[in-house]
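Since the structure comes first, as structure tokens, the remarks are kept for the end.
Note: hydrogens, waters and symmetry copies are ignored here, and every other heavy atom, side chains too, is used. Labels below follow one simple rule: chain letters A, B, ... track the order of the sequence lines, proteins then strands, and each chain is numbered from 1.
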Amino acid sequence: MEKKKPLSVIAIVGPTAVGKTAVSIELAERLGGEVVSVDSRQVYRYLDVGADKISLSIRKKVLHHMIDVADPDQVFSAADFVLGCRDAVERIGARERIPIFAGGTPFYYEALFGSRLSKNLPRDEDLRRELEETARREGKKVLHDRLREVDPCTASRLHENDLRRVVRALEIHRLTGKNASSWYAGDEKLIPSGAYDVLYIGLTRPRPLLFEAIERRVREQFASGFPEEVEWLLSRGFDERFPSMQGFGYRELVQYFRGKITLEEAALGDIRATKAFSRRQMTWFSKFSPIVWYDTTDCIIPDLAEEIEKEVRTHLEK
RNA sequence: GGCGGGAUAGCUCAGAUGGUAGAGCAGCGGACUGAAAAUCCGCGUGUCCCCAGUUCGAUUCUGGGUCCCGCCA
């Protein structure tokens with residue numbers, strides 16, 4: 001296969017509630033760009049308030065991609081995301097505009113720019129359920145032992161309690177007859193390596209301030225229609241069975257509407273889980289490279305955007 | 001004021017018939033290859049409220065004190 005010149009792109013990363021959205025919009029306007037949302041909740045229709053989706057009117061002014069591309073009863077995968085992005089980048093390129101990736105789902109960045117997902121690896125929801133049932137009845141260790149037999153390499157990498165990954169590895173083996181580690185080692189990838197040359201712009205602020213911002217945001221969501229949104233989703237049959245409804249806030253509010261916890265407990269649970277997530281995000285982002293960090297404490301968005309714009313232009317012209 | 005209960009990790013609490021203590025939550029670190037806001041792993045020294053007594057040894061027993069929570073006045 002012929003090697004194409006890598007496409008220079010920028011990505012605005014950072015933990016939740018630092019101001020990525022505002023910066024990405026400002027930057028898109030300055031650069032004549034379009035935003036590609038990298039957010040595992042915003043891909044779902046009807047998850048608006050809890051997913052901090054920006055309004056349609058703003059999306060009309062600055063074009064956005066990868067928002068509202070799946071229904072809440074679908075299982076939208078990282079691979080779906082990668083394929084969608086590939087199309088979006090093509091369309092943006094055809095308009096001679098610049099794609100600006102922005103969002104807080106590290107795994108999606110990894111899938112897209114890490115060029116690691118293999119081509120044509122299937123999945124099977126029924127098989128997953130079956131394996132999970134086995135784990136419930138006979139214990140997680142049984143599955144891990146089974147994996148050790150067919151794929152010792154992957155088994156040694158995974159903890160026996162990490163049911164998600166153990167199930168996935170068994171699924172790959174069962175469905176393709178080949179084990180996961182050999183797929184991963186091969187070079188048939190969804191995105192060829194070196195397809196993108198990414199400049200990561202990282203936004204952050206000291207953790208106590210981050211936690212304050214998270215608390216403020218969750219309170220705001222609860223006061224501006226988040227519970228009603230979840231109630232409506234439940235009335236349409238979109239419940240905790242689906243991954244779309246297993247994010248923080250959503251799962252707590254489902255519990256609330258099931259009468260298991262109070263509204264205040266739901267808010268506190270949401271805040272707690274969001275903080276924990278922001279920590280996990282930072283663990284990922286700290287390994288992304290190259291990354292230029294900006295502190296958004298007391299920042300003025302246009303000033304910050306101007307500074308970032310300079311940084312970005314140097315990268316794009318290279 | 002009287003009676004009873006309590007005081008142990010940031011919070012809620014457990015515990016040892018006396019040998020200086022441990023869970024959950026929070027916090028912190030990490031992993032991550034098609035569910036990722038998911039899933040999973042690791043990290044626990046703190047005047048055991050204060051003073052005195054008994055004792056080789058007290059956070060544990062005894063006495064007193066302080067504070068908190070109930071109930072009764």
Indicate, with a heavy-atom threshold strictly under 4.0 Å, whether [X] touches base, sugar-phosphate, or nothing.
X: A/A273; answer: nothing
X: A/N120; answer: base
X: A/R272; answer: sugar-phosphate
X: A/R129; answer: nothing
X: A/R41; answer: base
X: A/P106; answer: sugar-phosphate

Exercise. Between A/E171 and A/R174, is there a side-chain N and carboxylate O pair less than 4.0 Å apart?
Worked result: no
Problem set entry | A/F226 and A/Y250 aromatic centres sub-6.0 Å | yes
Exercise. Can the ring centroids of A/F277 and A/F248 be said to lie less than 6.0 angstrom from one another?
Worked result: yes
Exercise. Which pairs pass ring pair (Phe, Tyr, Trp, His ring centres under 6.0 Å) with one or both residues in residues 130-187 of chain A, sequence neighbours excluded?
Worked result: none
Using whole Å, what does the distance between atom [atom2] of nucleotide [N] and atom [atom1] of [X] come to?
X: A/Y108; N: B/G34; atom1: OH; atom2: P; answer: 12 Å
X: A/Q281; N: B/G29; atom1: CD; atom2: C1'; answer: 16 Å
X: A/I271; N: B/C11; atom1: CD1; atom2: P; answer: 20 Å
X: A/R207; N: B/A26; atom1: CZ; atom2: C1'; answer: 13 Å
X: A/Q74; N: B/G34; atom1: CD; atom2: P; answer: 19 Å
X: A/E215; N: B/G27; atom1: CD; atom2: P; answer: 11 Å
X: A/H144; N: B/U39; atom1: NE2; atom2: P; answer: 18 Å
X: A/K140; N: B/C41; atom1: NZ; atom2: C1'; answer: 12 Å

Exercise. If you measure from CG on A/L234 to CG on A/D239, what distance do you get to the nearest 0.5 Å?
Worked result: 6.5 Å
Is the backbone N or O of [Y] less than 3.5 Å from a side-chain atom of [X], with the two atoms forming a donor-acceptor pair by type?
X: A/Q246; Y: A/E240; result: yes
X: A/T296; Y: A/V18; result: yes
X: A/T134; Y: A/E130; result: yes

Problem set entry | Interface residues of residues 241-252 of chain A with RNA chain B (non-hydrogen, below 4.0 angstrom) | A/P243, A/Q246, A/G247, A/F248, A/R251
In whole angstrom, give me the gap between the [atom1] atoms of [N] and [M].
N: B/A23; M: B/C61; atom1: C1'; result: 26 Å
N: B/U45; M: B/C51; atom1: P; result: 23 Å
N: B/C40; M: B/C25; atom1: P; result: 13 Å
N: B/G44; M: B/U59; atom1: P; result: 24 Å
N: B/G57; M: B/G70; atom1: C1'; result: 37 Å
N: B/U39; M: B/A14; atom1: C1'; result: 30 Å
N: B/G19; M: B/U60; atom1: P; result: 11 Å
N: B/G4; M: B/G29; atom1: C1'; result: 46 Å

Could you go over nucleotides 31-33 of chain B and give all protein N or O partners under 3.5 Å, atom names and distances?
unit_1 : atom_1 : unit_2 : atom_2 : d
B/C32  : O3'    : A/R165 : NE     : 3.0
B/C32  : O2     : A/R165 : NH2    : 3.3
B/C32  : N3     : A/W284 : NE1    : 3.0
B/C32  : N4     : A/W284 : NE1    : 3.3
B/U33  : OP1    : A/R165 : NE     : 2.8
B/U33  : OP2    : A/R157 : NH2    : 2.7
B/U33  : O2'    : A/Y184 : OH     : 2.3
B/U33  : O2     : A/R116 : O      : 2.7
B/U33  : O4     : A/R116 : NH2    : 3.3

Problem set entry | Neighbour count >12 (heavy atoms, 6.0 Å) for atom CD, A/E125 | yes
For this session: Establish whether the base of B/A35 is bridged to the side chain of A/R128 by a donor-acceptor pair shorter than 3.5 Å.
Result: yes
Problem set entry | B/C41 OP1/OP2 closer than 4.0 Å to side-chain N/O of A/N161 | yes
Problem set entry | Residue A/R279, side-chain atoms from C-beta onward, closest of B/G34, B/C41, B/G27 | B/G27
Exercise. RNA chain B in dot-bracket, Watson-Crick or G-U pairs under 3.5 Å, [ ] crossing, | other strand?
Worked result: (((((((..((((.....[..)))).(((((.......))))).....(((((..]....)))))))))))).
For this session: Could you tell me which residues satisfy side chain to side chain donor-acceptor pair (under 3.5 Å) with A/R251, sequence neighbours excluded, listed by chain and number?
Result: none
Seminar exercise, completed: Nearest heavy-atom contact between A/Y46 and A/D71 is CE1-OD1, 3.8 Å
Exercise. Closest approach of A/C85 and A/F101, non-hydrogen atoms and distance?
Worked result: SG-CE2, 4.2 Å
Which atom pairs, one a donor and one an acceptor, fall under 3.5 Å between side chains of residues 302-310 of chain A and the rest of the protein, sequence neighbours left out?
unit_1 : atom_1 : unit_2 : atom_2 : d
A/E309 : OE1    : A/R30  : NH1    : 3.1
A/E309 : OE2    : A/R313 : NE     : 3.2
A/E309 : OE2    : A/R313 : NH2    : 3.1

Problem set entry | Nearest-nucleotide 5' precedence on RNA chain B, A/S286 against A/A51 | A/S286
For this session: Identify which one of A/K53, A/R41, A/R45 satisfies the salt bridge (charged side-chain N to carboxylate O under 4.0 Å, His left out) criterion when paired with A/D68.
Result: A/K53
